[in-house]
There are 2 protein chains.
Amino acid sequence: MHIASLARGGSAPALPFPALDMLSTGEGHGLQPAFGHPLRLERGAEIYAEGAPVGDVYKVVSGTIRTCRYLQDGRRVVAEFVLAGEAFGLDGVDHHHFSAEAVTEAVVISFPRRQLNEWVDHELPAARAWRNFMIAKLSGAQSHFVLLGRKTAAERVASFLLDLAERGNSGALVDLPMSRYDIADHLGLTAETVSRIFSGFKRGGIIANRDCRKVRILDRARLEAEASRDIL
Amino acid sequence: MHIASLARGGSAPALPFPALDMLSTGEGHGLQPAFGHPLRLERGAEIYAEGAPVGDVYKVVSGTIRTCRYLQDGRRVVAEFVLAGEAFGLDGVDHHHFSAEAVTEAVVISFPRRQLNEWVDHELPAARAWRNFMIAKLSGAQSHFVLLGRKTAAERVASFLLDLAERGNSGALVDLPMSRYDIADHLGLTAETVSRIFSGFKRGGIIANRDCRKVRILDRARLEAEASRDIL
DNA sequence: CGTCGGATTGAGAACGTTCAAGGGGCGTGG
DNA sequence: CCACGCCCCTTGAACGTTCTCAATCCGACG
């Protein structure tokens, strides 16, 4: 996995068109502020609510976003964490099926979906990139089914750490901008269980951490074994 | 939910182009056999394997297909059941991330993805329909996160029944072409648990069944309550 | 220095799984 | 036509993983 990380997988070539930078992770491209407009967000701020009519697509400049849904009784599911360079806002045809909230202070750039659509309609390479992007998102989402449907708590947390490590590309040092509750709601667990698993990994020498938002992977092989890494 | 069912949601207008019939459920359109070519499948037959290079997109004419992934130790996840009129095969950019197998005897029509792409590239309404289709698929997939991540066994089974009832459009009579094992692997449960929940619903007068592959919804309101139906 | 939200740890309970046995439908072969 | 075997479904009992509830700890911030 996972989702946005797949969009950057080997198949997508460098995109010469600014709007489609939306669909890449933006490494080395630089954003096109002329095209969208930036939004500064405080911790916990809502970008859009579940059920709101769709309008814009967003790209994260800095910080982390979560897209989530709440059940009436308060249960929550975090569909995805969106890191800097990744895009979100494509969670419904007419209306958003999830809400989007800032996990940390964040800056995102919003692009009217209509504008993105027109762009994709009139530029063939854009259309192709968009197709691959969406297919990658979809199969990434379905891969999350494996985690939620069939993995144990330890496997989920290990998979999550490896996923973040890949997407964060800061080597073995993994940044966890989100709370244990956020992680739990993304992995279908409770915060207590997540915390216990982290402690277990630490005791086992698989990871180390100075504070609870910064984890160093000490034994990647063992972490991958814990994750039951199914070949992607 | 779920997935393909969303593609037919109110927003997609009737599509005048034959290739895009791929993306609709085909109600009232009729298939275009000149465009793709049909494939007759026996129960259990594999259409493509996980990891195989992508080639075609498929539309189900009759029968039911499942797309699934296996972990090394045999655990299995059924990402989706594809009913007659629905499409599958978009589970990877270069290579399939899931395998596709026939749940029942089935007939599917295969379309080269390249051909579909070209079509979408050159017809604006096609491009728009395709976009909506993929966004609907994606948000449908993410909705499954709610089920797998936060719902109880009874809620999962109830949600599944309601989903099938909507997609099968045969009123309160729900056809279950797949085994309890298939259902379990789609809902992140075991076949025994699924069976127990069905029995519970039957005892409670919520459903009735002559045989185990045919269920009648007797009390839809109560079934929806059991499902904790979050507003889609 | 005190307060507060998040993180950790523990103990007990609950839900779903595992293991095991029995039942039913269907196809094959005698 | 019946018998057998196979696969799937159902049901029960015991077990285990994860959740729930509760207490404590820690770091950030006023």
Side-chain angles (χ1 to χ4, degrees), chain A residues 42-44 64 66 71 73-78 103-105 147-158 160-161 176-204 207-215 226 228, chain B residues 42-44 64 66 71 73-78 101 103-105 147-158 160-161 175-204 207-215 226 228:
Chain A
E42 302 192 353
R43 221 166 80 89
T64 300
R66 64 174 174 251
L71 276 71
D73 57 9
R75 284 177 288 180
R76 185 184 68 157
V77 175
V78 172
V103 173
T104 61
E105 274 189 21
L147 185 146
L148 291 173
R150 282 290 174 248
K151 288 197 173 181
T152 65
E155 289 174 330
R156 294 182 200 196
V157 174
F160 178 68
L161 277 176
L176 300 171
M178 67 294 286
S179 75
R180 296 289 184 264
Y181 293 90
D182 286 332
I183 297 174
D185 286 340
H186 183 54
L187 302 181
L189 300 169
T190 59
E192 293 92 330
T193 299
V194 171
S195 182
R196 274 186 258 270
I197 305 280
F198 271 106
S199 300
F201 286 170
K202 212 167 74 173
R203 262 194 303 281
I207 62 170
N209 63 335
R210 52 185 71 256
D211 68 79
C212 64
R213 299 300 177 99
K214 221 95 180 171
V215 168
E226 290 283 353
S228 294
Chain B
E42 301 193 354
R43 220 167 81 90
T64 300
R66 65 174 172 250
L71 277 72
D73 57 9
R75 283 178 289 180
R76 186 183 67 156
V77 175
V78 173
E101 303 163 356
V103 172
T104 62
E105 273 189 21
L147 185 146
L148 291 173
R150 282 289 173 251
K151 288 198 173 180
T152 65
E155 289 174 330
R156 295 182 199 196
V157 174
F160 178 69
L161 277 175
D175 191 40
L176 300 171
M178 66 294 287
S179 74
R180 296 291 184 264
Y181 293 91
D182 285 333
I183 297 174
D185 287 340
H186 183 54
L187 303 181
L189 301 169
T190 60
E192 293 93 330
T193 299
V194 172
S195 182
R196 274 186 258 270
I197 305 281
F198 270 106
S199 300
F201 286 170
K202 211 167 74 175
R203 260 194 304 281
I207 62 171
N209 62 336
R210 53 184 72 255
D211 69 78
C212 64
R213 300 299 177 100
K214 222 95 179 170
V215 168
E226 290 282 352
S228 293

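Chain A is the first sequence line, chain B the second, and so forth, proteins listed ahead of strands; every chain is numbered from 1.
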Novice: Within the 4.0 Å heavy-atom criterion, would you say B:Gly188 contacts the bases, only the backbone, or no part of the nucleic acid?
Specialist: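 The answer is sugar-phosphate, as B:Gly188 gets under 4.0 Å only of primed atoms, P, OP1 or OP2.
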Novice: So B:Thr193, base contact, sugar-phosphate only, or nothing? Heavy-atom distance under 4.0 Å.
Specialist: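 Counting heavy atoms under 4.0 Å across all strands, the contact made by B:Thr193 includes a base.
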Novice: Measure the CD-CG distance between B:Glu155 and A:Leu71 for me, rounded to the nearest 0.5 Å.
Specialist: 7.0 Å
Novice: Have a look at A:Arg43 and say if it touches a base, only the backbone sugar-phosphate, or nothing, with a 4.0 Å heavy-atom cut-off.
Specialist: nothing
Novice: When you compare the side chain of A:Arg150 with that of B:Asp185, does any pair of heavy atoms fall below 4.5 Å?
Specialist: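 Yes. Closest side-chain heavy atoms under 4.5 Å.
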Novice: Find which nucleotide of DNA chain C each of B:Thr152 and A:Arg203 is nearest to by heavy atoms, and output the residue with the more 5' nucleotide.
Specialist: A:Arg203
Novice: Rounding to an integer number of Å, can you tell me how far A:Asn209 CG sits from C:dG6 P?
Specialist: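 Interatomic distance, CG of A:Asn209 to P of C:dG6: 18 Å.
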Novice: Starting at CG of A:Leu148 and ending at C1' of D:dT18, how long is that distance when rounded to a whole Å?
Specialist: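 Result: 15 Å.
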Novice: Does the pair B:Arg75/B:Asp73 count as a salt bridge with the N-to-O cut at 4.0 Å?
Specialist: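 Yes, B:Arg75 and B:Asp73 are salt-bridged.
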Novice: Which whole-number value in Å describes the distance from B:Ile197 CD1 to D:dT11 P?
Specialist: 12 Å
Novice: Roughly, in whole Å, what's the span from CD1 in B:Ile183 to P in D:dT10?
Specialist: 9 Å
Novice: Using the side-chain heavy atoms of A:Ser195, tell me which of these nucleotides is nearest: D:dT11, C:dT18, C:dT9.
Specialist: C:dT9
Novice: Between atom NZ in B:Lys202 and atom P in D:dT11, what is the gap in whole Å?
Specialist: 6 Å
Novice: Rounded to whole Å, please give me the gap between OH in B:Tyr181 and C1' in D:dC6.
Specialist: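 Those two atoms, OH and C1', are 13 Å apart.
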Novice: Just call it for A:Arg213: base, sugar-phosphate, or nothing, with non-hydrogen atoms closer than 4.0 Å on any strand.
Specialist: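 The answer is sugar-phosphate, as A:Arg213 gets under 4.0 Å only of primed atoms, P, OP1 or OP2.
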Novice: Look at the side-chain N and O atoms of B:Thr190 and state whether any lies under 4.0 Å from the OP1 or OP2 oxygen of C:dT17.
Specialist: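 Answer is yes, contact under 4.0 Å.
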Novice: With a 4.5 Å heavy-atom cut-off, do B:Phe160 and B:Leu189 have their side chains touching?
Specialist: no
Novice: Starting at atom NZ of B:Lys214, determine the distance to atom C1' of C:dG25, rounded to an integer number of angstrom.
Specialist: 16 Å
Novice: What integer distance in Å separates A:Leu176:CG from C:dA7:C1'?
Specialist: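 After rounding, the reported distance stands at 13 Å.
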Novice: If you find the nucleotide of DNA chain D closest to A:Asp211 and the one closest to A:Ala154, which residue's nucleotide is nearer the 5' end?
Specialist: A:Ala154
Novice: Identify which nucleotide among D:dT10, D:dT18, C:dT17 has an atom closest to any side-chain atom of A:Leu189, counting heavy atoms from C-beta outward.
Specialist: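 Side chain of A:Leu189 sits closest to D:dT18.
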Novice: With nearest nucleotide decided by heavy atoms, which residue, A:Arg150 or A:Phe198, maps closer to the 5′ end of DNA chain C?
Specialist: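 With A:Arg150 and A:Phe198 compared, the 5'-side residue is A:Phe198.
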Novice: Whether the side chain of B:Arg66 engages the backbone of B:His186 through a donor-acceptor N/O pair (distance < 3.5 Å, no angle test) should be reported.
Specialist: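 No: the side chain of B:Arg66 does not pair with the backbone of B:His186.
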Novice: Is it the case that more than 12 heavy atoms not belonging to B:Arg213 sit under 6.0 Å from its CZ atom?
Specialist: yes
Novice: Can you name the side-chain contact (heavy atoms from CB on, under 4.5 Å) partners of B:Arg196, sequence neighbours left out?
Specialist: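 B:Arg196 satisfies side-chain contact (heavy atoms from CB on, under 4.5 Å) with B:Glu192 once adjacent residues are dropped.
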Novice: Please tabulate the protein-to-nucleotide N/O contacts below 3.5 Å involving nucleotides 19-24 of chain C, giving atom names and distances.
Specialist:
unit_1 : atom_1 : unit_2   : atom_2 : d
C:dC19 : N4     : B:Glu192 : OE2    : 3.3

Novice: Could you tell me if the side chain of B:Leu187 sits less than 4.5 Å from the side chain of B:Thr193, heavy atoms only?
Specialist: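 No, their side chains stay 4.5 Å or more apart.
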